[in-house]
Visitor: 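Before I ask anything, let me first share the structure, which is written out below as structure tokens.
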Number of protein chains: 2
Amino acid sequence: MDPTFEDLRQELKTKNIGLSHQRLKVLEYLAQNRCHPTVDQIYTELQKDIPTLSKTTVYNTLRILAEAGLVKVISIEDKECRFDIDTEDHGHFKCESCGTIFDFPVDIDSLIPEELSNFKINDKNVYFKGLCPGCLSNKKEIN
Amino acid sequence: MDPTFEDLRQELKTKNIGLSHQRLKVLEYLAQNRCHPTVDQIYTELQKDIPTLSKTTVYNTLRILAEAGLVKVISIEDKECRFDIDTEDHGHFKCESCGTIFDFPVDIDSLIPEELSNFKINDKNVYFKGLCPGCLSNKKEIN
DNA sequence: ATACAGAGTTGTAATCATTACAACACTATT
DNA sequence: AATAGTGTTGTAATGATTACAACTCTGTAT
Ligand SMILES: [Mn+2]
Ligand SMILES: [Mn+2]
Ligand SMILES: [Zn+2]
Ligand SMILES: [Zn+2]
């Protein structure tokens, strides 16, 4: 189900978006690191490969990919966006202790109420916050 | 169901939070303006009553109220927080054209999957984005 | 009354992610 | 070689939020 890097490359071509080296690298990074990275993580990692990379390019690329529907922007809070190559509907759980963001399945469409029948829905988000099992057991050990 | 201003005042007292003039005004504003205002909206409006009001105080107050569970912070995106006096579970729809945030009912608990049974959930959010009926019909008129 | 402590408020400066913008590089076409 | 178009880069601006130190207010102990 998860699209391969090649699938994504093909989709860019279809949408007439130039296949620059930097764009492909950002896309590849997202395809291989499905941990919902921040701009800074992407930038810092790719800089190892592309020493001249500019953070502006990362921002530009992510905006283009998001507009093309290839990545989803996740704004759980933090005023620091995260990016998800998985654009299928699913929920996110952010651990308030370790910061990890977990995916979980959600049948979002089943909860659209009658009241929204006259609205045009473009984007659906479900996210929870709390503590993950790992951090919960760490806490127990301390007590 | 909606708590009155007096209920809220009482709850502050119970939680040993000082009932300063500024705090009560912020609380009152939120109780009377259920449009999910921004810090700036709250600040600008209250300044008419309290000319010496500082924006820092608004930030401080909202943090205290949020920590006490009296208001809910909504971070739909925009890197501009909004505040909701309604802390019961419900969904939010943000119109991408006029910016209005609508409430809608959601049975959030019904969609918590098995996979999260070992997680401690502190905060649940559902929000959609798109176009509201008003903006949709405006668009039709133009075409 | 005076002094003192604690809580709350205020204004200013810092922080930090994001955006704007202009110069530069790269590629293809004439 | 000149030109145009696209993409990249670095720097400066923006804007919400936070840090911080000075000030005010109120109640209490001396
Ligand atoms: Mn995800
Ligand atoms: Mn609401
Ligand atoms: Zn954790
Ligand atoms: Zn609208």
Side-chain angles (χ1 to χ4, degrees), chain A residues 9 12-29 36-68 70-84 94 99 101, chain B residues 9 12-29 36-68 70-84 94 99 101:
Chain A
R9 187 195 178 96
L12 274 190
K13 211 180 257 176
T14 305
K15 302 205 174 184
N16 268 350
I17 296 172
L19 303 176
S20 78
H21 184 226
Q22 285 85 340
R23 286 179 188 165
L24 291 173
K25 278 296 184 182
V26 169
L27 202 51
E28 186 188 43
Y29 183 82
H36 316 92
T38 64
V39 169
D40 218 65
Q41 282 175 297
I42 299 169
Y43 170 65
T44 305
E45 278 306 306
L46 291 186
Q47 225 186 4
K48 295 173 185 170
D49 270 334
I50 317 168
T52 62
L53 182 65
S54 161
K55 197 178 272 190
T56 300
T57 299
V58 179
Y59 274 106
N60 287 341
T61 299
L62 290 169
R63 183 176 33 75
I64 288 170
L65 295 178
E67 282 167 8
L70 285 172
V71 310
K72 186 161 163 52
V73 185
I74 303 175
S75 18
I76 288 198
E77 62 164 336
D78 279 338
K79 60 224 162 204
E80 189 176 32
C81 288
R82 288 163 171 273
F83 297 87
D84 198 340
K94 174 166 182 174
I101 294 182
Chain B
R9 187 195 178 94
L12 274 190
K13 212 181 257 175
T14 305
K15 303 207 174 186
N16 268 352
I17 296 172
L19 302 176
S20 78
H21 184 226
Q22 285 86 341
R23 286 179 188 165
L24 290 174
K25 279 295 185 182
V26 169
L27 203 50
E28 186 188 43
Y29 183 83
H36 315 92
T38 65
V39 168
D40 219 65
Q41 281 175 298
I42 300 169
Y43 170 66
T44 305
E45 278 307 305
L46 291 185
Q47 224 186 4
K48 295 173 185 168
D49 271 334
I50 318 168
T52 61
L53 182 65
S54 161
K55 197 178 275 191
T56 300
T57 299
V58 180
Y59 273 106
N60 287 340
T61 300
L62 290 168
R63 184 175 32 75
I64 287 170
L65 294 178
E67 282 168 6
L70 283 172
V71 310
K72 186 159 162 52
V73 185
I74 302 176
S75 18
I76 288 198
E77 60 164 337
D78 279 340
K79 61 224 160 204
E80 190 176 30
C81 287
R82 287 162 172 275
F83 297 87
D84 198 341
K94 172 165 185 177
I101 294 183

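Below, read A as the first sequence line, B as the second, and so on, with proteins coming before strands; counting in each chain starts at 1. This structure is a prediction, so every number in the text was calculated from the model and none was measured. Atoms considered below: every heavy atom in the structure, side chains included; atoms not considered: hydrogens, waters and symmetry mates.
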Visitor: When the distance from CG of Leu46(B) to C1' of dG8(C) is rounded to whole Å, what number comes out?
Guide: 16 Å
Visitor: Measure CG/Asp40(A) against C1'/dT18(C) and give the value in whole Å, please.
Guide: 12 Å
Visitor: How would you label the contact of Thr38(B) with the nucleic acid (heavy atoms, under 4.0 Å): base, sugar-phosphate, or nothing?
Guide: nothing
Visitor: Please report the distance, rounded to the nearest Å, between CG in Asn60(B) and C1' in dG11(C).
Guide: 12 Å
Visitor: Between Tyr59(A) (OH) and dT9(D) (C1'), how many Å, whole number?
Guide: 15 Å
Visitor: Would you mind reading off the distance between Ile76(B) atom CD1 and dA16(D) atom P, rounded to a whole angstrom?
Guide: 17 Å
Visitor: Using the side-chain heavy atoms of Glu80(B), tell me which of these nucleotides is nearest: dT9(C), dA16(D), dT8(D).
Guide: dA16(D)
Visitor: Out of dT9(D), dT10(C), dT17(D), which nucleotide sits closest to the side chain of Cys81(B)?
Guide: dT17(D)
Visitor: Over how many whole Å does the gap from Phe83(B) atom CZ to dA16(D) atom P extend?
Guide: 13 Å
Visitor: Using atom NE2 of His21(A) as one end and atom P of dT8(D) as the other, report the distance to the nearest whole Å.
Guide: 10 Å
Visitor: Scan Ser20(B) against the nucleic acid and name what it touches under 4.0 Å (heavy atoms): base, sugar-phosphate only, or nothing.
Guide: sugar-phosphate
Visitor: Any donor-acceptor pair under 3.5 Å linking the side chain of Gln41(B) with the backbone of Thr38(B)?
Guide: yes
Visitor: Rounding to an integer number of Å, can you tell me how far Leu24(B) CG sits from dG8(C) P?
Guide: 12 Å
Visitor: Taking the nucleotide of DNA chain C with the nearest heavy atom to each, does Arg23(B) or Lys79(B) sit closer to the 5' end?
Guide: Arg23(B)
Visitor: Counting C-beta onward and ignoring hydrogens, is there a side-chain heavy-atom pair between Asp40(A) and Lys55(A) closer than 4.5 Å?
Guide: yes
Visitor: Test your reading of the model: is there a side-chain donor-acceptor pair from Arg23(A) to the backbone of Gly18(A), 3.5 Å cut-off?
Guide: yes
Visitor: Quick check on DNA chain C: between Thr56(B) and Asn16(B), whose nearest nucleotide comes earlier from the 5' end?
Guide: Asn16(B)
Visitor: What I'd like to find out is whether the side chain of Leu53(B) reaches to under 4.5 Å of the side chain of Gln22(B), using heavy atoms alone.
Guide: yes
Visitor: With respect to the side chain of Ser54(A), which nucleotide from dT9(D), dG11(C), dA16(D) is positioned closest?
Guide: dT9(D)
Visitor: Say whether, by atom type as modelled, one donor and one acceptor occur between the side chain of Lys15(A) and the main chain of Ala68(A) under 3.5 angstrom.
Guide: yes
